[in-house]
Amino acid sequence: MYGTDGCLVECSSVPCATPENDTKDTSTTINLDHGDPTMYESYWRKMENKCDITFNGDDSLSYFANGKSLCWFLESKLEEQIKRLHNVVGNAIVDDHYTIVGTGSSQLMQAALYALSPIDQLEPINVVSATPFYSAYPEVTDFVRSGLHKWAGDARTYEKKGVYIEFITSPNNPDGVIREPVVNGDQGKLIYDLAYYWPQYTAITSPANHNVMLFTISKCTGHAGSRIGWALVKDKEVARKMTKFMEISTIGVSKEAQLRAAKILEVISERCLDPNMENFFEYSQSLMTDRWQRLRQVVMANGLFFLQKYPLEYCLFTKDFCESHPAFAWLICKGGEEEDCEKLLKEHKIHTRSGRRFGSDSRSVRISMLSRDEDFNIFLQRLMAIQGPTNGN
């Protein structure tokens, strides 16, 4: 069906607490600072033992996993299921790419920076990203004070000549916007952070096909605690250097975590292909759609804030027109430049992440949309209670 109707689910017009809220201490601060994907518990609880795997005492003794792969600690089962899921969803080209597994995408960011940084330069290579950028990029880049790379700020204002590295997060964290490279230079080395390029967050408009692409199971399936991420890399030398970074820092990645991730991805792919089974992405999209619809209702009724709007786009996976429902809400206060949105929400026991952390200003905050139902419902109630211009005294 054309339009938003095909993407919307029935929801109540007024945010209300679930039965679990009746026993929750409503004086507790609701922490929506981190993108902790506990929202997905409801789906995986229904799967019961379908994702169970068993390990024998003599399993995983060797450091080595796959003798045929450049990434020698990558379990072949995980590589197979990663490629299968990308082909099923249609969000990335996997042919002619090397697969590198990491301890979440955070380690892969560091590995990519190491692999793309020239070793023959007198000065560290500059690393940039367009504001608002993912708040971890500056810290990841400069944490160990490497002589190879350094954080250089907003890609929109970067005008230096020479080699540079640009992070492109698409959909963007924190504001959910689809991104392209910003720096107008011919010596850029690009890292595409595609953690949120999955159907529950945005329309899959085409398969991504870049030199370095980063993904993570935490935002794909919600299994953040398993700490599994992967990179798809075209250039063999870059892939080799990324593998070397992992070898030196952690001597590979847990085989148990890899095999559990492989099983989870296998279950998702099977349910996408079988119309008689509950599709994970359709289920998750309905949850995200419902949450965003209710949040927009509260923001509109409150009148104190505004939210990013997203265009309708045709999704190749769902075969329908949808608008984005990002993992984070980029909430902006309508007040003047002196407005501190993080402080305002904290006064109402809502913990968020200030726009200053993302290279923006204090009028904006990032709010996780991935919390448990009871926390999300309390968040909406508290947001509604904040006195705005349309509901003030």
Side-chain angles (χ1 to χ4, degrees), residues 64-105 107-119 163-171 178-181 183 185-199 202-217 219-221 228-247 252-253 258-259 261-262 264-266 268-269 272-273 281 315-317:
F64 300 92
N66 189 346
K68 297 181 180 180
S69 175
L70 182 149
C71 184
W72 53 265
F73 47 83
L74 169 62
E75 288 287 337
S76 57
K77 181 69 172 178
L78 177 59
E79 183 176 20
E80 174 190 343
Q81 294 304 325
I82 285 172
K83 292 182 176 180
R84 182 190 185 194
L85 184 62
H86 281 304
N87 285 326
V88 167
V89 174
N91 64 340
I93 298 293
V94 295
D95 295 337
D96 301 322
H97 282 78
Y98 296 93
T99 305
I100 312 297
V101 65
T103 305
S105 59
Q107 188 184 34
L108 291 166
M109 290 175 196
Q110 298 170 19
L113 288 174
Y114 166 77
L116 295 175
S117 297
I119 60 174
V163 183
Y164 63 92
I165 295 174
E166 182 178 354
F167 276 110
I168 300 102
T169 314
S170 189
I178 299 300
R179 286 279 186 88
E180 297 291 342
V183 179
D186 58 1
Q187 298 187 59
K189 300 185 177 187
L190 309 180
I191 302 173
Y192 279 81
D193 185 347
L194 304 178
Y196 303 95
Y197 193 44
W198 297 100
T202 190
I204 305 302
T205 56
S206 64
N209 186 19
H210 307 293
N211 291 330
V212 180
M213 301 183 286
L214 308 183
F215 296 89
T216 173
I217 199 171
K219 299 308 184 293
C220 172
T221 74
I228 291 294
W230 63 91
L232 300 176
V233 182
K234 282 187 179 181
D235 185 85
K236 184 176 182 178
E237 183 62 15
V238 173
R240 186 191 67 77
K241 287 183 177 180
M242 290 181 68
T243 300
K244 186 65 175 180
F245 181 93
M246 248 79 70
E247 175 185 331
V253 178
Q258 289 189 60
L259 292 173
I264 291 165
L265 298 185
E266 179 182 18
I268 290 179
S269 291
C272 287
L273 296 171
F281 293 116
C315 179
L316 299 175
F317 176 76

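Heavy atoms only: backbone and side chains are in, while hydrogens, waters and symmetry mates are out.
In this structure, Ile93 and Leu232 approach most closely via the heavy-atom pair O-CD1, 4.0 Å. Across Tyr197 and Ala203, no two heavy atoms sit closer than the pair CE1-O, 3.7 Å. The heavy-atom pair separating Val94 from His86 by the smallest distance is CG1-CB, 3.6 Å. The minimum heavy-atom distance linking Leu316 with Thr205 is given by the pair CD1-O, 3.3 Å. Shortest non-hydrogen contact noted between Gly185 and Tyr164 is O-OH, 3.3 Å. The minimum heavy-atom distance between Ala239 and Val233, with the atom names listed, is N-CG1, 3.8 Å.
Looking only at distances, a side-chain donor or acceptor of Ser170 sits under 3.5 Å from a matching main-chain atom of Arg179. Between the side chain of Lys77 and the backbone N or O of Ala262 there is no donor-acceptor pair closer than 3.5 Å. Between the side chain of Gln258 and the backbone N or O of Phe73 there is at least one donor-acceptor pair closer than 3.5 Å. Side-chain atoms of Glu79 never come within 3.5 Å of backbone atoms of Leu74 as a donor-acceptor pair (strictly under, hydrogens ignored). Distance alone, capped at 3.5 Å, places no donor-acceptor pair between the Asn91 side chain and the Ile204 backbone.
Proximity of His210 to Ile168: side-chain heavy atoms (C-beta onward) are nowhere separated by under 4.5 Å. At least one side-chain heavy atom of Met109 sits under 4.5 Å from a side-chain heavy atom of Phe167. A heavy-atom distance below 4.5 Å is found between the side chains of Trp72 and Glu247. With a 4.5 Å cut-off on side-chain heavy atoms, Leu108 and Met246 count as touching. At least one side-chain heavy atom of Arg84 sits less than 4.5 Å from a side-chain heavy atom of Leu273. The closest side-chain heavy-atom distance from Asn209 to His97 is below 4.5 Å. Under the 4.5 Å side-chain criterion, counting only non-hydrogen atoms from C-beta, Met213 is not in contact with Trp230. Contact check for Phe281 versus Ile268: side-chain heavy atoms found under the 4.5 Å cut-off.
The SG atom of Cys71 lies 13.0 Å from the CZ atom of Arg240; values are rounded to the nearest 0.5 Å. Atom OG1 of Thr221 and atom CD1 of Ile264 lie 5.0 Å apart (nearest 0.5 Å).
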**OP:** Could you please spell out the steps behind the side chain to side chain contact (heavy atoms under 4.5 Å, CB included) verdict for Ile165 and Ser117?
**Re:** CA-CA 8 Å; Ile165 295 174; Ser117 297; 4.0 Å; yes
task = Go through the steps for Ile191 and Leu214 under the test side chain to side chain contact (heavy atoms under 4.5 Å, CB included), then give the verdict.
result = CA-CA 8 Å; Ile191 302 173; Leu214 308 183; 3.8 Å; yes
Practice prompt. Given side chain to side chain contact (heavy atoms under 4.5 Å, CB included), test Ile82 with Val101 step by step and report yes or no.
Written response: CA-CA 10 Å; Ile82 285 172; Val101 65; 5.9 Å; no
